[in-house]
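The analysis underlying the following values was restricted to heavy atoms, covering all of them including side chains, and did not include hydrogens, waters or symmetry mates. In what follows, every chain begins at residue 1, and chains take the letters A, B, ... in the order their sequences are listed. What you see is a predicted model; the values in this text were computed from it and never measured.
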Amino acid sequence: MNRKIAEILLQAVEHDFTLIEIETLLEKPKYEQLGDVAFPCFTLAKKFKKSPNVIAEGIGSNINDPFIQKVQVVGGYINLFVNKLEITKEVLGEITLVKETYGQKQGNNENIVIDFSSPNIAKPFSMGHLRSTVIGNALANIAEKNGYEVIRVNHLGDWGTQFGKLIVAYRLWGKKEQVEAAPIEELLKLYVKFHDEAEIHEELNDQARAAFKALEENEQSALELWNWFKHASLQEFMQIYDQLNIRFDAYEGEAFYNDKMQAIVDELKDKQLLTQSDGANVVLLEDMPPCLITKQDGATLYATRDLAAAFYRQANYKPSKIFYVVGNEQTLHFKQVFNVIEKMGYSWSKNLQHVPFGMMLKDGKKMSTRKGRVILLKDVLKEAVETASKNIEEKNPSLRNKQEIAEQVGIGAVIFNDLKNYRLNDIEFSLQQMLNFEGETGPYVQYTHARICSILKKVQLTLNEEVTVKELEESAWGIVLLLQQYPQVISDSLEQADPSIVAKYVLQLARVFNKYYAHTKILVEDEKLESRLVLCFAVATVLKDGMRLLGVQSPENM
RNA sequence: GUCUCCAUAGCUCAGCUGGAUAGAGCACACGCCUUCUAAGCGUGCGGUCGUAGGUUCGAAUCCUACUGGGGACGCCA
């Protein structure tokens with residue numbers, strides 16, 4: 001639509017501007033009654049040395065196109081009212097035709113690797129991990145919608161000194177039966193105990209480092225323990241992923257790169273990038289602290305593994321982009337890793353992008369496993385589903401498959417709550433807010449969708465190219481405009497790597513529709529009935545698809 | 001100490017490539033179901049956009065300083 005308007009304006013301006021220049025100047029009027037599209041003339045005023053108003057008047061009087069219904073010049077703005085029927089026909093017609101593929105971009109034959117979720121083995125899956133998981137999953141869906149081939153990678157935290165600690169702790173205090181009964185819980189206890197004891201007995205830390213070194217050197221008994229811990233943890237994680245309806249293409253955790261790091265270290269050495277520093281090997285970088293590659297004892301570090309991972313992904317997936325959906329607090333780490341790759345002379349380092357996000361806070365502070373300031377995702381999901389169940393009993397007791405719907409609503413509420421805010425903001429954990437299903441929430445959007453579905457079920461609506469769209473009520477115009485913006489929202493959210501753009505859009509669409517629904521009877525036999533039904537179908541389709549991108553299901557009844 | 005992110009209504013947030021009267025939701029008060037699901041809709045209440053400067057015809061939006069808060073800063077991940 002904006003493109004069309006820019007073309008019309010280009011004719012009217014009578015000076016050399018490019019289409020793009022004009023199109024980017026276009027904005028949405030702040031108030032609906034002002035018009036559909038506004039063209040501000042302030043920048044032109046500077047160029048032509050005339051007052052914005054005079055210019056606006058001049059251009060305004062030049063506009064003459066059937067697409068534009070009315071032109072109004074107000075305070076330096078040219079406000080345009082478009083031909084509503086044209087747009088309505090175009091937008092609703094397209095959605096009727098292509099349905100849920102509305103907004104889908106053509107395949108671009110480019111791969112994008114998204115590294116997300118990546119929980120630490122032997123630690124509980126907390127609310128803190130939810131963020132990476134749901135943001136990454138949403139970005140993956142959004143990237144697909146934008147025409148990319150997506151590879152979802154779970155970079156499990158299954159390697160590192162922490163396992164040395166765990167092995168030492170288990171050998172000292174662990175009981176086999178207890179760990180078997182409740183793996184993560186028991187291992188966490190051991191981990192906490194280790195830290196408490198290490199405060200007094202510092203030699204424990206040395207033992208842990210040695211144990212990890214042994215692990216890296218494939219020492220049998222250490223390896224067995226590690227394997228056991230890993231599989232037990234993974235089983236618990238899988239349950240959560242099932243509940244969230246999230247799948248990965250690869251579980252290539254840190255350990256996966258164990259045999260791929262030496263090559264990196266050798267290459268760094270060959271390229272003379274390694275510097276000895278207090279017995280450790282580091283790569284010196286400009287404008288930031290050096291990047292540690294190996295420790296004094298020769299064991300590797302997090303950065304080493306991330307380097308190996310980047311090379312592996314580059315070679316195997318040939319991605320045009322790699323997203324690292326990892327918390328804010330690791331910004332420096334990724335800057336260092338990306339920089340090292342650049343120093344090694346690989347231009348693909350510019351395809352690596354850290355997608356940071358704010359932390360989940362508890363009482364204004366970071367959650368900490370060791371300090372017991374941790375909330376388990378499992379528990380929160382359970383409560384959310386229970387709350388949804390209660391709501392169903394209260395509001396719609398005759399609903400069939402209650403349990404299934406309660407899952408969809410409760411879990412949807414938790415996911416949506418996380419995704420609706422700007423990615424980089426910290427989120428204060430609030431169960432109360434998460435379990436509130438009114439207002440700007442997932443259930444609100446789901447409810448809107450479900451209500452439309454029950455209308456559509458009551459009638460026979462055959463959707464084909466023959467549907468006749470007539471001019472709708474004035475109050476439906478805002479809905480059509482929003483529907484028209486969906487494809488743009490899809491590309492914006494990938495460009496900003498921010499799912500909240502989709503979440504906000506879906507909320508707005510639901511809100512505008514609910515307003516319409518409250519004031520307009522849809523099932524009335526008149527000449528506009530079919531048009532209203534097509535509108536309803538279009539809204540339901542876009543709501544459902546938008547929610548799908550966020551990883552939230554849209555039940556037809558609730 | 002250095003770097004970095006943040007500060008908008010009682011609370012949670014939107015708006016930020018500068019533009020027209022600062023927007024939602026929650027909470028609170030009141031109103032709307034003999035009509036398509038009231039998880040909804042409406043009305044009211046509520047803001048010196050952290051402070052002080054600067055750039056500009058115009059600043060919540062850009063720049064600087066300050067204040068307050070989060071986070072990161074070599075052998076953890």
Side-chain angles (χ1 to χ4, degrees), chain A residues 24 27 29-31 34 38 40 42-43 45-46 51-52 74-77 79 118 120 123 157 159-162 164-165 205 208-209 212 254 277-282 287-297 299-303 305-306 326-333 335-336 356 358-359 361 364-366 388 391-392 394-396 399 409 413 417 420-422 424-428 430 432-433 436-448 450-459 500 504 507-508 510-511 514-524 532 536 557-558:
Chain A
T24 50
E27 42 184 271
K30 207 153 192 176
Y31 304 93
L34 287 173
F42 305 98
T43 42
K46 208 166 262 179
S51 93
V74 187
Y77 285 91
N79 291 327
S118 312
N120 290 327
K123 287 201 192 156
W159 207 243
T161 311
Q162 50 169 337
K165 292 176 181 176
N205 283 317
R209 274 190 281 271
F212 175 57
E254 294 182 49
S277 170
D278 297 328
N281 280 308
V282 305
D287 304 318
M288 65 187 93
C291 182
L292 264 86
I293 304 296
T294 56
K295 300 197 264 192
Q296 282 178 343
D297 62 5
T300 61
L301 284 143
Y302 183 44
R305 267 158 258 144
D306 262 342
V326 182
N328 239 338
E329 65 272 22
Q330 289 189 31
T331 301
L332 177 61
H333 162 75
K335 254 167 95 176
Q336 291 175 316
M359 284 177 301
L361 303 175
K365 293 251 169 61
K366 189 179 177 177
N391 274 309
I392 291 171
E394 213 173 280
K395 299 168 200 287
N396 197 357
L399 184 68
V409 173
N417 183 261
K420 75 178 178 192
N421 293 133
Y422 178 56
L424 283 160
N425 285 355
D426 288 343
I427 296 185
E428 173 68 32
S430 161
Q432 196 202 336
Q433 203 186 320
N436 178 15
F437 294 171
E438 285 163 26
E440 297 174 325
T441 66
Y444 173 86
V445 180
Q446 290 173 319
Y447 181 67
T448 310
R451 288 209 297 194
I452 299 176
C453 286
S454 52
I455 291 177
L456 294 175
K457 257 178 262 174
K458 291 199 164 104
V459 290
S500 78
K504 278 166 198 145
L507 271 176
Q508 203 189 346
R511 192 181 317 135
N514 277 330
K515 202 168 284 188
Y516 174 75
Y517 176 95
H519 301 291
T520 314
K521 176 88 178 146
I522 288 155
L523 293 176
V524 183
R532 279 194 302 270
C536 284
N557 298 291
M558 64 184 273

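Using atom P as the reference point in both B/C62 and B/C49, the two lie 15 Å apart (nearest Å). Rounded to a whole angstrom, the distance from the C1' atom of B/U43 to that of B/C5 is 40 Å. For the C1' atoms, the distance from B/G74 to B/A65 is 33 Å, rounded to whole Å. For the C1' atoms, the distance linking B/U51 with B/U67 amounts to 7 Å, nearest Å. Separating the C1' atom of B/C6 from that of B/C16 is a span of 14 Å, rounded to the nearest Å. Nucleotides B/G40 and B/C26 have their C1' atoms positioned 16 Å apart, rounded to a whole Å. Here, B/G46 and B/A24 have their P atoms 15 Å apart, quoted to the whole Å. Nucleotides B/C41 and B/G25 are separated by 8 Å at their P atoms, to the nearest Å.
The base-pairing partner of B/C28, taking Watson-Crick or G-U wobble contacts with both distances under 3.5 Å, is B/G44. Checking B/U21 for Watson-Crick or G-U wobble geometry (two distances, each under 3.5 Å) identifies no partner in any strand. Nucleotide B/A14: unpaired (no Watson-Crick or G-U wobble partner with both distances less than 3.5 Å). Nucleotide B/C33 has no partner under the Watson-Crick or G-U criteria, as no pair reaches both atom distances under 3.5 Å. Pairing partner, B/G53: B/C63, with both Watson-Crick or wobble hydrogen-bond distances short of 3.5 Å. Pair assignment for B/A72: B/U2, on the basis of Watson-Crick or G-U wobble contacts that are both within less than 3.5 Å.
Listed for the A/Asp278 side chain is no donor-acceptor partner under 3.5 Å among the backbone atoms of A/Ala280. With A/Gln336 contributing its side chain and A/Pro290 its backbone, the two residues share a donor-acceptor pair below 3.5 Å.
The nucleotide whose nearest atom lies closest to any side-chain atom of A/Val74 is, among B/A14, B/A20, B/A39, B/A20. Of the listed nucleotides (B/G74, B/C41, B/U37), B/C41 has the atom at the smallest distance from the side chain of A/Asn514. Here the nucleotide nearest the side chain of A/Lys295, chosen from B/C76, B/A14, B/A20, is B/C76. Proximity note for A/Glu254 (side chain, C-beta onward) versus B/C76, B/C75, B/A77: the nearest is B/A77. If you check B/A20, B/C73, B/A14 against the side chain of A/Tyr422, the one that comes closest is B/A14. For A/Glu329, the side-chain atoms get nearest to B/A72 when compared with the rest of B/G74, B/C36, B/A72. Comparing B/A20, B/C36, B/U12 by their nearest atom to the side chain of A/Gln433 picks out B/U12. Taking every side-chain heavy atom of A/Ile392 into account, B/A39 is the closest of B/A39, B/C75, B/C41. For A/Ser277, taking side-chain heavy atoms from C-beta onward, the closest of the listed nucleotides B/G74, B/U12, B/G40 is B/G74. Comparing B/C36, B/A77, B/A39 by their closest approach to the side chain of A/Phe437 singles out B/A39.
Sequence order on RNA chain B of the closest nucleotides to A/Leu34 and A/Tyr444 puts A/Leu34 first from the 5' end. The 5' end of RNA chain B is approached more closely, in terms of each residue's nearest nucleotide, by A/Leu424 than by the other of A/Ile427 and A/Leu424.
For the atom pair A/Asn436 CG and A/Gln433 CD, the distance stands at 8.0 Å (nearest 0.5 Å). In this structure, CD on A/Glu428 lies 13.0 Å from CG on A/Asn425, to the nearest 0.5 angstrom. Rounded to the nearest 0.5 angstrom, A/Leu424 CG and A/Ser500 OG are separated by 9.5 Å. Rounded to the nearest 0.5 angstrom, A/Thr300 OG1 and A/Glu254 CD are separated by 8.5 Å.
Between the CG atom of A/Asn425 and the C1' atom of B/C5 there is a distance of 10 Å, rounded to whole Å. Across the protein-nucleic acid pair, A/Met359 atom CE and B/G69 atom P stand 15 Å apart, rounded to whole Å. Put simply, NZ on A/Lys123 is 10 Å from P on B/A77, counting in whole angstrom units. One atom, CZ of A/Phe42, and another, P of B/G18, lie 14 Å apart when rounded to the nearest Å. Note: OH (A/Tyr516) to C1' (B/C36) measures 12 Å, nearest angstrom. We find that CZ of A/Arg511 is positioned 8 Å from P of B/A24, with the value rounded to whole Å. Nucleotide B/G42 holds its P atom 14 Å from the OH atom of A/Tyr517, rounded to whole Å. Across the protein-nucleic acid pair, A/Lys165 atom NZ and B/C76 atom P stand 7 Å apart, rounded to whole Å.
With its glycosidic angle within 90° of 0, B/G74 adopts the syn conformation. In B/C33 the base sits syn relative to the sugar, since the glycosidic angle is no further than 90° from 0.
Looking at heavy-atom distances under 4.0 Å, A/Leu523 makes contact with a base. At the heavy-atom level, A/Asn79 lies under 4.0 Å from base atoms of the strands shown.
Aromatic ring centres of A/Tyr447 and A/Phe437 lie farther apart than the 6.0 Å criterion allows. A distance of 6.0 Å or more separates the ring centres of A/Tyr302 and A/Trp159.
Here A/Ser454 does not reach the OP1 or OP2 of B/C36: none of its side-chain N or O atoms lies under 4.0 Å away. The side chain of A/Arg305 contributes an N or O atom lying less than 4.0 Å from OP1 or OP2 of B/A77. Under 4.0 angstrom from either OP1 or OP2 of B/U12 there lies no side-chain N or O belonging to A/Ser430. Residue A/Tyr302 places no side-chain N or O under 4.0 Å from the OP1 or OP2 atom of B/C75.
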Pull out every protein N or O sitting under 3.5 Å from an N or O of nucleotides 26-35 of chain B, one pair per line with the distance.
unit_1, atom_1, unit_2, atom_2, d
B/U35, O2', A/Lys521, NZ, 2.7

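Donor-acceptor pairing under 3.5 Å, judged by distance alone, is absent between the side chain of A/Asp306 and the base of B/A77.
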